[in-house]
Amino acid sequence: MDENTNLLKNFIQRIIEEDISAGKNSGRVVTRFPPEPNGYLHIGHAKSICLNFGLARQYGGVTHLRFDDTNPEKEEVEYIESIKTDVKWLGFDWGDKMFFASDYFDKLYEYALVLIKKGLAYVDTLDAEKTREYRGTLTEPGKESPDRNRTVDENLELFEKMRNGDFKEGDCVLRAKIDMASPNLNMRDPVIYRIKFAHHHRTGDKWCIYPMYDYAHALSDAIEGITHSICTLEFEDHRPLYDWVVREADAPCRPQQIEFARLNLTYVVMSKRKLLRLVKEGYVSGWDDPRMPTISGLRRRGYTPEAIREFAARIGVAKADSTVDYALLEYCLREDLNRNADRRMVVLDPLKVIIRNYPENKTEWLDGENNPEQPDGGGSRKIPFSREIFIEREDFMIDPPKKYFRLSPGNEIRLKHAYYVKCVDYKTDGSGNVTEVICEYDPKSRGGWSEDGRKVKGTSHWVSAADAVECEVRLYSTLFIKPDPEEGGEFVHNINPSSLQIIEKALAEPSLAEARPGMRFQFLRQGYFCPDSLDSRDGRLVFNRTVTLKDTWGKISSRN
RNA sequence: UGCCCGAUAGUGUAACGGUAACACUCAUGAUUCUGGAUCAUGUUUUGGGGGUUCAAAUCCUCCUCGGGCAGCCA
């Protein structure tokens, strides 16, 4: 369903198809997903993952998972596992094609030698500040470093010393010799190796020089035989350098870099830095907080991989910066959950109802269809009914506005799967709050329908007071109050103070006692919920609200 | 005021020289044992000016607006 085969083609598919029909790369398609293991994956990465793996799948190719671990100071092993988990969870398989840029450190070093020998790279002793000065500005050309014209032998010797640890960090770097006057700053003799006496998670202390992204990434692609190297727009200006590197280093193949616009979503911040801040400053409980747009957060929230893949397919791929409406993500989610989540009844804000003509001490077990969207109704479960039940407080009004179909004095509604009940009385406390509603039921309406075909407009969910199971319910809404969290300059000022509302004692129908993490439910008339993977366990049920149901009445009533 | 990229309903994305469409959102109605789902209907679109052409969202040109780039980050 989430295959984009019947969808219209995007510009990348068009490029690939042209390449295939032109016989380029012998018609092979090899893509890659190249995360840096320095953070958690988020929905924006999901777009890239679906794109890369989706393209390969569509054109009979393969996708490599390659960790871009060229900066030992920023990267950690713990992220590698989380990234693998997330990619797998999304439904993609890299087979035996998992690599690390660090796998190629030896080869990369050899390529550097090639460049030096061709007179296309040199060791520069300018310090970082001088290097910046010499680079020039956006409007002025740069100046050549005094070291730029060292002999090949000198460079070879110096680079060797760099590798051997004869210099301190910052003493010198290896630079590509391209053009200090280029209007593209990336071409002004970019640094390709720097000294770092840092322990690398895979190569240990073998190296004290580490390659820079532009150099390592291009050559890693080439080494792996990547045909289409798909990345985001900010690397567009790097493409000439990418091409220069693979060409001048005499790499075994020439992958093609293609850039697309990264995902932006309303009500969401996506940058690693900002997400980190949300975690570090305690605005959320962690990377997997159900309000986070991380894959782990979405997973814990109850999102399905299918919904995310469908979303990725629907948003398309283009080169124009854009911000997708969060409503589309929720639409994809509901579409999936509506089809697949079993229905249950849970009362979040209980109001007691006494059915005064129903026998005391009687309990009957009624059938409740699990999912009306399934051909056989998805099977059914038993629901106990008795004289004393709870309904949602907002499902009763003493003095209802017009078009209010729920319970009110004299009005009849249906209790889902049970009986028709009519409100005959109610009780209030000293301040006028309703404490109890008295109803009479129609015994002939068992199962929730009657032979006379009488119109009963409203249907409420309910739980039997004596049989209800207590649970905690966490109601989540958007983390930000503004569609553009950046509005006003500081995103933390737009944090939604009620993005999490905890209901400590909601009342659930007894079948929910069996709910376990990994299951997903629709709580009738409320939304979709799932047991929290961390906090829900036997004897202490905790549900996260994944997404609300569309709420037409809420819209009408709040509009007055 | 350097270089690169972009601009199509409210939001995304299509149409690739032949007369603008799909989805989401929004609105209205039908239907419904979930005010859900489903079904039907509707509002709204090519940033601006020139040019090429029988014909331009598509090609050319100028402008405007938006984004990216001056890490020994990726």
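Below, read A as the first sequence line, B as the second, and so on, with proteins coming before strands; counting in each chain starts at 1.
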From C-beta outward on [X], which listed nucleotide comes closest to its side chain: [options]?
X        : options                : answer
A:Asp68  : B:rA74, B:rU34, B:rU25 : B:rA74
A:Lys555 : B:rC73, B:rC26, B:rG36 : B:rC26
A:Asn71  : B:rA74, B:rC72, B:rU25 : B:rA74
A:Thr137 : B:rC73, B:rA70, B:rC72 : B:rA70
A:Lys196 : B:rG12, B:rC24, B:rC73 : B:rC73
A:Ser322 : B:rU25, B:rG2, B:rG12  : B:rG12
A:Leu524 : B:rC24, B:rC73, B:rU34 : B:rU34
A:Glu234 : B:rG35, B:rU1, B:rG68  : B:rG68
A:Lys403 : B:rG35, B:rU34, B:rA74 : B:rG35

Give a yes or no on whether a donor-acceptor pair under 3.5 Å exists between the nucleobase atoms of [N], that is its base, and the side chain of [X].
X        : N      : value
A:Gln522 : B:rU34 : yes
A:Arg14  : B:rC16 : yes
A:Arg314 : B:rU13 : no

What residues form a side-chain contact (heavy atoms from CB on, under 4.5 Å) with A:Phe197, not counting sequence neighbours?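 Per chain and number, A:Phe197 pairs via side-chain contact (heavy atoms from CB on, under 4.5 Å) with A:Glu169, A:Ile195, A:Cys208.
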Would you say a side-chain N or O of [X] is under 4.0 Å from OP1 or OP2 of [N]?
X        : N      : result
A:Arg135 : B:rC72 : yes
A:Ser557 : B:rG35 : no
A:Arg343 : B:rA37 : no

Classify the nucleic acid contact of [X] as base, sugar-phosphate or nothing, counting any heavy atom under 4.0 Å across all strands shown.
X        : answer
A:Asp127 : base
A:Leu126 : base
A:Thr266 : nothing
A:Thr459 : sugar-phosphate

Span that lies between the [atom1] atom of [M] and that of [N], in whole angstrom:
N      : M      : atom1 : value
B:rU46 : B:rU41 : C1'   : 25 Å
B:rA21 : B:rA30 : C1'   : 26 Å
B:rG35 : B:rA23 : P     : 26 Å
B:rC72 : B:rA7  : P     : 32 Å
B:rU61 : B:rC4  : P     : 13 Å
B:rC16 : B:rU58 : C1'   : 6 Å
B:rA57 : B:rG18 : P     : 10 Å

May I ask which nucleotide in the shown strands pairs with [N], Watson-Crick or G-U wobble, both distances under 3.5 Å?
N      : result
B:rA40 : B:rU28
B:rG17 : none
B:rU34 : none
B:rA57 : none
B:rA7  : B:rU64
B:rC69 : B:rG2

Can [X] and [Y] be counted as an ion pair, charged N to O under 4.0 angstrom?
X        : Y        : answer
A:Lys196 : A:Glu73  : yes
A:Arg406 : A:Glu392 : no
A:Arg66  : A:Glu224 : yes
A:Arg454 : A:Asp442 : yes

Look at atom NZ of A:Lys272 and say whether more than 12 heavy atoms of other residues, nucleotides or ligands are closer to it than 6.0 Å.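 It does: A:Lys272 NZ has more than 12 such atoms within range.
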Stacking between A:Trp553 and the base of B:rG35 (centre distance under 5.5 Å, interplanar angle under 30°)?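 The base of B:rG35 is stacked with A:Trp553 (centres under 5.5 Å, planes under 30°).
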Once the angle between the rings of A:Tyr419 and A:Tyr441 is folded into 0 to 90°, is it parallel (under 30°), tilted (30 to 60°) or perpendicular (over 60°)?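 Perpendicular: the ring planes of A:Tyr419 and A:Tyr441 meet at over 60°.
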Protein heavy-atom contacts under 4.0 Å, written 5' to 3' over nucleotides 3-10 of chain B as B (base), S (sugar-phosphate only) or - (none), form the string SSSSS---
Got a donor-acceptor contact below 3.5 angstrom from the A:Tyr210 side chain to the A:Ala198 backbone?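 Checked: pair present.
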Starting at atom CD of A:Glu140, determine the distance to atom C1' of B:rU1, rounded to an integer number of angstrom.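 Computing the A:Glu140:CD to B:rU1:C1' distance gives 12 Å.
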Check against salt bridge (Lys or Arg N to Asp or Glu O under 4.0 Å), A:Lys274 and A:Glu486: CA-CA 11 Å; A:Lys274 286 171 191 153; A:Glu486 236 56 74; 3.1 Å; yes
Syn or anti for B:rG71 (syn when the glycosidic angle lies within 90° of 0):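 Syn conformation here, the glycosidic angle of B:rG71 being no more than 90° from 0.
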Could you say whether A:Ala318 or A:Lys457 is positioned toward the 5' end of RNA chain B, judged by the nucleotide with the nearest heavy atom to each?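 Final value for this comparison: A:Ala318.
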5' precedence on RNA chain B between A:Tyr331 and A:Ser445 (nearest-nucleotide basis):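 Between the two, 5'-proximity favours A:Tyr331.
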Name the residue from A:Trp207, A:Tyr111, A:Tyr213, A:Phe159 that meets the ring pair (Phe, Tyr, Trp, His ring centres under 6.0 Å) definition with A:Tyr193.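 So, applying the ring pair (Phe, Tyr, Trp, His ring centres under 6.0 Å) to A:Tyr193 and each of A:Trp207, A:Tyr111, A:Tyr213, A:Phe159, only A:Phe159 qualifies.
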